[in-house]
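Before any comments, here is the structure.
Every chain is numbered from 1, with letters handed out A, B, ... down the list of sequences. Just so we're clear, the structure is a prediction, and the values are computed from it rather than from any experiment.
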Number of protein chains: 2
Amino acid sequence: MAADRLARFATALGEAGVDAALISHPQDLFYLAGTAQPCNLLVLPGREPVLFARRFGALVRSETWVDRVRDGAGYRAVAAELGLGPGRLGMELDVLPAALYLKAAEAFPSFEILDCSAALLELRAVKDDAEVEALRAAAALFGAVHEAIAAHLREGVAEHELAAEVQRALRRAGHAGLVAQRRWDAALQPEGMLASGPNLATISGGPVTVSGVGLSRAVPFGASDRRVARGDLVNIDLGLNLAGYHADMARTYVVGSASETVAALAAKVRAVQDACLSAIRPGVTAGDVYAAGLDVARAAGVEDVFQGYDGTHGPYVGHGIGLELDEPPVLGPGASARLREGMVLAIEPKLISPAFGAVNLEDDVVVTADGCALLSDLPRSVFVIDAGRAEAVLP
Amino acid sequence: MAADRLARFATALGEAGVDAALISHPQDLFYLAGTAQPCNLLVLPGREPVLFARRFGALVRSETWVDRVRDGAGYRAVAAELGLGPGRLGMELDVLPAALYLKAAEAFPSFEILDCSAALLELRAVKDDAEVEALRAAAALFGAVHEAIAAHLREGVAEHELAAEVQRALRRAGHAGLVAQRRWDAALQPEGMLASGPNLATISGGPVTVSGVGLSRAVPFGASDRRVARGDLVNIDLGLNLAGYHADMARTYVVGSASETVAALAAKVRAVQDACLSAIRPGVTAGDVYAAGLDVARAAGVEDVFQGYDGTHGPYVGHGIGLELDEPPVLGPGASARLREGMVLAIEPKLISPAFGAVNLEDDVVVTADGCALLSDLPRSVFVIDAGRAEAVLP
């Protein structure tokens with residue numbers, strides 16, 4: 001039950017020798033308290049949690065399952081509830097701005113403030129059944145993307161015009177209109193990374209693999225005004241936010257017809273993804289999944305373009321997803337985190353090279369008792385778009 | 001000239017007794033160095049600045065006007081350039097996460113780290129001619145919003161369906177697809193706050209006045225799935241990001257026909273905005289502009305619904321805009337910041353009440369030598385939408 005999350009988080013804090021945690025990030029609040037309204041949530045192992053509403057207490061009370069709600073969320077009010085200390089106070093130091101941290105250090109002088117985000121994200125990593133269903137529904141939103149691309153991708157369309165159609169289709173289908181990320185210095189457009197032709201191999205801005213180059217230097221990623229030519233590859237890789245839960249999916253399209261090279265690349269990238277999917281089960285490490293993919297890329301002769309080229313290789317083949325687009329664990333070389341049943345992972349092999357652009361394939365899976373299950377049944381293929389129809393290159 | 005900004009920032013730091021500043025936020029980097037690629041920029045009064053490229057130095061070199069570019073941006077490399085100290089180091093503590101601040105404190109142990117964002121934002125507040133033209137071009141994007149609403153707003157359309165059309169129109173017109181804000185715990189959809197009917201008076205999520213209620217509790221602001229009825233007021237209030245520079249504009253629409261009440265409210269909100277515009281000139285304070293608007297709201301008998309109702313009043317009537325949607329100064333009660341020629345301000349009076357919803361009017365102006373000039377010539381009125389046509393309620 002969702003309300004149990006608070007008790008489990010309090011237990012985790014207690015086991016780590018942390019006396020209290022103060023949670024303020026919207027996605028963390030939504031997970032622990034059922035509301036994303038501006039609040040501070042004080043979690044106290046062994047005591048009842050207190051939710052301080054920064055404003056509009058009535059709205060907060062109508063949404064949250066926390067019983068004790070106070071109006072006004074200044075650190076002074078929190079300090080009165082927290083007590084004198086000494087003690088150890090967890091805060092979300094990975095996202096809390098330094099200025100607020102310094103204010104908290106002054107408000108809670110007898111407390112050592114430490115980062116509790118990792119502990120909370122570890123709890124969030126294993127999804128309950130309702131969350132898996134929410135993530136499956138988010139993955140279904142990719143159907144609207146696929147249809148919009150089939151209908152609007154043609155020779156001469158500009159990347160940002162295609163992005164406009166994807167945004168429209170997604171917002172109509174219920175996309176929240178933005179994606180949540182734990183990033184202070186990077187963001188993504190709602191249509192994600194949409195790029196074509198040579199823009200597929202120019203890595204720019206915050207993303208570390210396929211990024212697109214954007215419409216200007218000020219926002220140097222995402223769709224540009226480049227017009228798609230016949231034979232071009234087009235990638236779309238995006239976060240799908242439905243009622244707070246995200247899918248992360250990518251597909252590759254080609255305008256007109258697919259060359260033998262493209263068909264061969266499509267088969268290889270799927271073979272890499274298949275290897276990752278086959279490796280996933282409870283108990284294996286995140287690094288094992290990456291290694292399984294790399295082995296197949298090597299055997300297929302595409303190791304040098306796997307996740308990048310010429311020293312630009314992104315050191316991962318996937319990551320957790322949930323209330324945020326990028327969650328632990330990262331599936332990268334040597335990553336020691338062990339997979340658990342109920343984790344939901346995005347598996348995203350891509351082959352990138354100035355020679356052909358990029359072939360990108362991303363799908364989401366839930367870790368089951370003895371393996372994993374895909375959350376979407378969209379064919380895992382490159383698609384040829386011709387006259388408004390999408391045809392899978394691979395059987 | 002844009003490249004002078006670095007020298008002016010260095011001078012400001014020197015005058016404040018700060019020995020160096022390390023800048024990492026994309027909009028600040030774009031302003032000072034001409035690139036928004038992931039970098040750390042070390043500004044040293046009296047010495048040449050150094051730009052550390054976190055990756056892809058060739059791309060950074062092709063974009064920046066900074067001469068000294070180094071590859072690799074770890075704090076260790078920065079420390080070697082910074083020297084031993086002791087000294088005072090400015091960082092963007094309003095946006096830098098606490099975890100990175102603590103890492104910096106360890107990497108630069110002989111430096112006192114203080115917040116330099118206010119000094120930089122003060123510099124950014126006064127726009128040069130090219131920036132004013134960029135902001136004027138951003139304001140022109142609202143034309144695409146207005147046309148999309150005229151074409152698609154009708155009885156029975158859902159707020160999020162209308163938002164989808166606005167997103168599409170904006171992205172096609174060159175909108176960057178996202179808005180930049182200096183916020184760690186809040187974000188806005190690209191179509192901003194789009195709400196109708198009773199949703200206009202429910203203030204939810206991060207925004208402090210008209211917010212909409214969103215599609216779910218997880219993202220509890222922006223467009224909802226409420227279907228618009230005949231006679232409903234509809235507000236759209238959004239950031240328009242064109243090549244990094246933002247406009248912030250709002251208009252109110254009514255479906256079918258406007259009642260006398262609506263026409264009267266439209267006249268009053270414009271009178272409040274007129275009073276603010278008349279008060280703006282170099283040398284007056286931000287508080288003077290707010291007071292001028294409040295005086296007219298009081299004389300018009302709408303003080304109790306000016307910027308909110310029943311204790312929800314947002315204490316401002318405007319703010320600066322530029323590379324971010326919300327910049328200093330805030331035009332609020334008693335605000336002492338003095339206006340300067342070249343500042344660009346959004347003036348956004350709104351009347352909000354459960355009795356009628358909200359009438360919202362926001363326009364952007366540049367402060368001139370003896371007053372101010374509007375950046376858009378769209379009529380400052382409520383519009384009636386009927387059969388795909390928009391008609392201004394006010395002459």
Side-chain angles (χ1 to χ4, degrees), chain A residues 24-26 30 34-38 55-56 59 63 91 93-102 115 160-161 163-165 167-172 174 176-178 184-191 202-206 208 214-220 222-223 225 241 243-245 312 323, chain B residues 24-26 30 34-38 55-56 59 63 91 93-102 115 160-161 163-165 167-172 174 176-178 184-191 202-206 208 214-220 222-223 225 241 243-245 312 323:
Chain A
S24 316
H25 198 252
F30 183 71
T35 180
Q37 300 291 340
R55 47 181 190 270
F56 312 133
L59 194 56
E63 293 186 357
M91 295 183 79
L93 300 192
D94 62 331
V95 288
L96 188 78
L100 272 182
Y101 164 80
L102 293 170
D115 196 353
H160 73 98
E161 292 169 350
E165 302 301 338
Q167 282 203 356
R168 174 180 181 274
L170 278 175
R171 200 76 174 101
R172 283 182 65 85
L178 44 79
W184 74 287
D185 61 349
L188 291 174
Q189 291 95 343
E191 81 279 3
T202 301
I203 305 166
S204 173
V208 294
L215 285 167
S216 78
R217 285 182 185 179
V219 184
D225 58 5
N241 180 346
Y245 280 89
T312 68
L323 288 169
Chain B
S24 316
H25 197 251
F30 183 71
T35 181
Q37 299 291 340
R55 48 180 189 270
F56 312 133
L59 193 56
E63 294 186 355
M91 295 184 79
L93 301 191
D94 62 331
V95 287
L96 187 79
L100 273 182
Y101 165 80
L102 294 170
D115 195 351
H160 73 100
E161 292 169 349
E165 302 299 339
Q167 282 202 357
R168 174 179 182 274
L170 278 174
R171 199 75 173 102
R172 284 183 64 85
L178 43 78
W184 73 286
D185 61 350
L188 291 175
Q189 291 96 343
E191 82 278 3
T202 301
I203 305 167
S204 172
V208 293
L215 285 167
S216 77
R217 285 182 185 178
V219 185
D225 58 4
N241 181 346
Y245 281 89
T312 68
L323 288 169

Handout entry: Rounded distance (nearest 0.5 Å) linking atom OH of A/Tyr101 with atom OH of B/Tyr101
Key = 7.0 Å
Exercise for the section: Enter the distance from A/Arg172:CZ to B/Glu165:CD here, rounded to the nearest 0.5 Å. Expected result: 6.0 Å
Exercise for the section: Identify which of A/Arg55, A/His160, A/Glu63, A/Arg171 forms the greatest number of heavy-atom pairs closer than 4.5 Å to chain B. Expected result: A/Arg171
Exercise for the section: With a 4.5 Å cut-off on heavy-atom pairs, point out which of A/Ala98, A/Gly174, A/Ala243 contacts chain B the most. Expected result: A/Ala98
Exercise for the section: Could you tell me whether a side-chain N or O of B/Gln167 sits under 3.5 Å from a main-chain N or O of A/Ala164, the two making a donor and an acceptor? Expected result: no
Handout entry: Top of B/Gly205, B/Pro38, B/Ala176 for chain A proximity - count of heavy-atom pairs under 4.5 angstrom
Key = B/Gly205
Handout entry: Gap separating the OG atom of B/Ser216 from the CZ atom of A/Phe30, nearest 0.5 angstrom
Key = 6.0 Å
Problem - Heavy-atom side-chain proximity of A/Gln37 to A/Phe56 below 4.5 angstrom - result: no
Exercise for the section: Measure distances from A/Leu215 to the heavy atoms of chain B and classify the residue's part below 4.5 Å as side chain, backbone, both or neither. Expected result: side chain
Completion exercise
Answer key: most heavy-atom pairs under 4.5 Å with chain A among B/Pro26, B/Gly244, B/Gly222 is B/Pro26
Handout entry: Portion of B/Ala169 that has a non-hydrogen atom of chain A nearer than 4.5 angstrom
Key = neither
Practice task
Kindly indicate whether the side chain of A/Leu59, heavy atoms from C-beta on, has any atom under 4.5 Å from the side chain of B/Ser204.
Solution key: yes
Practice task
For chain A, find which of B/Val208, B/Thr35, B/Ile203, B/Thr312 contributes the most heavy-atom pairs closer than 4.5 angstrom.
Solution key: B/Ile203
Exercise for the section: Report yes if some heavy atom in the side chain of B/Glu161 is under 4.5 Å from a heavy atom in the side chain of B/Asp225; otherwise report no. Expected result: no
Problem - Top of B/Gly214, B/Ser24, B/Gly34 for chain A proximity - count of heavy-atom pairs under 4.5 angstrom - result: B/Ser24
Problem - Per-residue contact mode, A/Val219 against chain B (heavy atom under 4.5 angstrom) - result: side chain
Completion exercise
Minimal heavy-atom distance between A/Asp115 and A/Asp94, with the atoms involved, is OD2-N, 3.6 Å
Problem - Most chain A-contacting option - heavy-atom pairs closer than 4.5 Å, from B/Gly206, B/Ala187, B/Ala223 - result: B/Gly206
Practice task
Give, as side chain, backbone, both or neither, the part of A/Asn241 having an atom under 4.5 angstrom from any heavy atom of chain B.
Solution key: side chain
Practice task
Using non-hydrogen atoms and a 4.5 Å limit, figure out which bit of B/Leu96 sits close to chain A: side chain, backbone, both or neither.
Solution key: both
